[in-house]
Amino acid sequence: MPNSPMRQPTHASKNTSNVREPGNFGKRREISSITISRNGFERRIPVSPLAAGMLVGILAMFAVGYFSATAYLMLRDDLIGMTQARNARLLHEYEDRIATLRSNLDKVTSRQLLDQQAIESKVADLMQRQEMLGGRDGRIGKLLDEAQKRGLDSPEASSAAPDPLTTGTTATPVVPVSKTGKQAALNGFGLRGSSGPLDSSAQLQTRLASAALPDVSNYTQTRDMFLAVKTRIEQVDRNQRDMLDTLRKQAVDRSTRIAGVLGQFGVKTTGNVGSVGGPYIPLDPGTQFEAHVEALDQSLKSLDQANSMLSRLPVGNPAKGAPLSSPFGARSDPFLGHAAMHAGLDFKAATGTPVKATADGKVVDAGRNGGYGNMVEIDHGNGTATRYAHLSKISVATGDKVTRGTIVGEVGSTGRSTGPHLHYEVRKHGNAVDPVRFLKAGRSIANLL
């Protein structure tokens, strides 16, 4: 019967299956199941262990998520506060770092600005000094012209310092003015470059801009570069002053020597010519350029005065190279054989030999004059006069102005003469004096005539 309770065990035994496994032979294992009872009826649902584990895991995960969400909602305010505090701390740190970087940048910028200003100031100073040296060129050139006219030489000097803005460039060595002229002296003293005068401000600025200037952050290199430029400018300045001082010393030396010669013949000097003395105090090398210019100018004026007086002193030789045939003083007259006074010197020379004036002056007599034959007399001022007698030819006329070395006639044998020769006299206030003194004085300063 279907509803007979006696058949339930049979039904249950049918629904329960015995599984035999190799390891459990002869044993029974019940399969896990879920039993559902309703109205006295039971229903069992078999459940595998894997499905049960997955179900438990899902429930556990759900529980963890639930409790985590609950904990988050409860602790959210604290977490937000901590996060905000951390963000604020990081923000302050970044702001501090930015402020530090900005401060360092300002320092670097300020230092670069100061370095740039310092460099601009040094460049401006160098260009100003360059302009100053270039401005002296005209004055120095004029002084060199004046010195050259007076026979003064510029001093020898070594090559100037190399140009620090041009690799391998050096100035031309100094050579005497008398040998190669004013331009060579200007080149040698660094007053001019190889192609012209010193650079102007614009030219120097262009050269500085095109040159390989050092980085301003490299203090040593920058200092060395400016020191090299400054040294070269100072060298040029020192060379200029040394040249002027050397020319001044030459002028003073010449004036002193001329004054000594003039004093031998009682010629009174004017100004500072001959009025020298006192202890030797060398001119300070650091003296300003203007002082050197003024000193040289005064020395040249004194030299001009000395040369002017010397030019009128008969210290030249009227017949250079001709031997003396009769000295000044007492002698036996060549015609009478009696003792007589010879008022001059006789120079033995062939007829036609040029006769030159021994000093500057004015011709006061040119013609026939008794025993002198053809004679030229020149007045040199200060009571001094010279006579040139026995000439075969007269080349000047009365009233002519002549200078030392001017040809006044030619050697002959006119007048009271035994043969071709030049009779030369020097007279002081009308009285004959020995010309030998003047000739010796002339030989002592031959290089100054």
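The distance from the CG atom of Asp297 to the NZ atom of Lys301 is 4.5 Å, given to the nearest 0.5 Å. Going from atom OG1 of Thr353 over to atom CG of Leu391 covers 11.5 Å, rounded to the nearest 0.5 Å. Atom CD1 of Ile98 sits about 12.5 Å away from atom CG of Leu105, to the nearest 0.5 Å. From Ser299, atom OG reaches atom CG of Leu244 across 11.0 Å, with rounding to the nearest 0.5 Å. To the nearest 0.5 angstrom, Arg254 atom CZ is 11.0 Å from Leu300 atom CG. Residue Lys401 holds its NZ atom at 12.0 Å from OG1 of Thr403, rounded to the nearest 0.5 Å.
Of all the heavy atoms in Ser392 and Gly352, the pair that sits closest is OG-N, 4.2 Å. What you find for Ala432 and Phe328 is that their closest heavy atoms are O-CZ, 4.0 Å. The two residues Thr398 and Ala366 come nearest to each other via the heavy atoms OG1-N, 3.4 Å. The two residues Gly361 and Arg312 make their nearest non-hydrogen contact at CA-NH2, 4.5 Å. Between His342 and Ser326 the shortest heavy-atom distance is ND1-OG, 3.4 Å. In terms of heavy atoms, Gly316 sits closest to Pro318 at O-CD, 3.8 Å.
Listed by first and then second residue, the side chain to side chain donor-acceptor pair (under 3.5 Å) pairs involving residues 89-103 amount to none (not counting sequence neighbours). Listed by first and then second residue, the salt bridge (charged side-chain N to carboxylate O under 4.0 Å, His left out) pairs involving residues 367-386 are Glu377-Arg387 (not counting sequence neighbours). Listed by first and then second residue, the side chain to side chain donor-acceptor pair (under 3.5 Å) pairs involving residues 429-449 are Arg257-Asn447 (not counting sequence neighbours). Counting only residues at least two apart or in different chains, ring-ring contact (aromatic ring centres under 6.0 Å, His included) contacts with residues 383-415 comprise Tyr388-Tyr424, His390-His421, His390-His423.
Side-chain contact between Leu310 and Val315 is present, with at least one heavy-atom pair separated by less than 4.5 Å. Side-chain contact between Val396 and Ile378 is absent, with no heavy-atom pair separated by less than 4.5 Å. In this structure the side chain of Leu296 reaches within 4.5 angstrom of the side chain of Leu143, judged on heavy atoms. Residues Ile407 and Val355 are not in side-chain contact: their nearest non-hydrogen atoms beyond the backbone lie 4.5 Å or more apart.
Remark: side-chain polar atoms of Ser417 are not paired, donor with acceptor, to backbone N or O of Thr414 under 3.5 angstrom. Checking side-chain atoms of Asn307 against main-chain N and O of Leu303 turns up a donor-acceptor pair under 3.5 Å. Looking at Thr406, its side chain never comes within 3.5 Å of a backbone N or O of Val402 through a donor-acceptor pair.
Partners of Ala359 by side-chain contact (heavy atoms from CB on, under 4.5 Å), not counting sequence neighbours, listed by chain and number: Pro314, His380, Arg404. Under the salt bridge (Lys or Arg N to Asp or Glu O under 4.0 Å) criterion, Asp400 pairs with no residue, sequence neighbours left out. Residues passing the side-chain contact (heavy atoms from CB on, under 4.5 Å) test with Val433 are Val426, Lys428, Phe438, sequence neighbours excluded. Among residues two or more places apart in sequence or in another chain, the salt bridge (Lys or Arg N to Asp or Glu O under 4.0 Å) test is passed with Glu410 by none. Asn374 is linked by a side chain to side chain donor-acceptor pair (under 3.5 Å) to nothing, counting only residues two or more places apart in sequence or in another chain. With sequence neighbours excluded, the residues that form a side-chain contact (heavy atoms from CB on, under 4.5 Å) with Ser325 are Asp346, Lys348. Applying the salt bridge (Lys or Arg N to Asp or Glu O under 4.0 Å) test to Asp304 and every residue at least two apart in sequence or in another chain returns Arg150. Residues satisfying the side-chain contact (heavy atoms from CB on, under 4.5 Å) test with Leu50, not counting sequence neighbours, are Ser48, Met54.
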Thr358/Asn317 under side-chain contact (heavy atoms from CB on, under 4.5 Å): CA gap, chis, key distance, verdict
CA-CA 6 Å; Thr358 57; Asn317 193 319; 5.9 Å; no
Is there a side-chain contact (heavy atoms from CB on, under 4.5 Å) between Leu144 and Leu247 once you walk through the steps?
CA-CA 9 Å; Leu144 286 174; Leu247 294 176; 3.9 Å; yes
Could you walk me through whether Met375 and Ile394 pass the side-chain contact (heavy atoms from CB on, under 4.5 Å) test, one step at a time?
CA-CA 8 Å; Met375 184 197 74; Ile394 296 176; over 6 Å; no
Please report the C-alpha distance between Asn239 and Met243 in whole Å, then the side-chain angles of each, then the deciding distance to 0.1 Å, and finally whether the side-chain contact (heavy atoms from CB on, under 4.5 Å) criterion is met.
CA-CA 6 Å; Asn239 286 347; Met243 178 185 63; over 6 Å; no
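By the 4.0 Å N-to-carboxylate-O rule, Lys249 lies too far from Asp253 to be salt-bridged with it.
When the shell of 6.0 Å around CE of Met61 is examined, it contains 12 or fewer heavy atoms from other residues, nucleotides or ligands.
Considering His292, Gln250, Gln240 as possible partners of Asp245, the one that fulfils the side chain to side chain contact (heavy atoms under 4.5 Å, CB included) test is His292.
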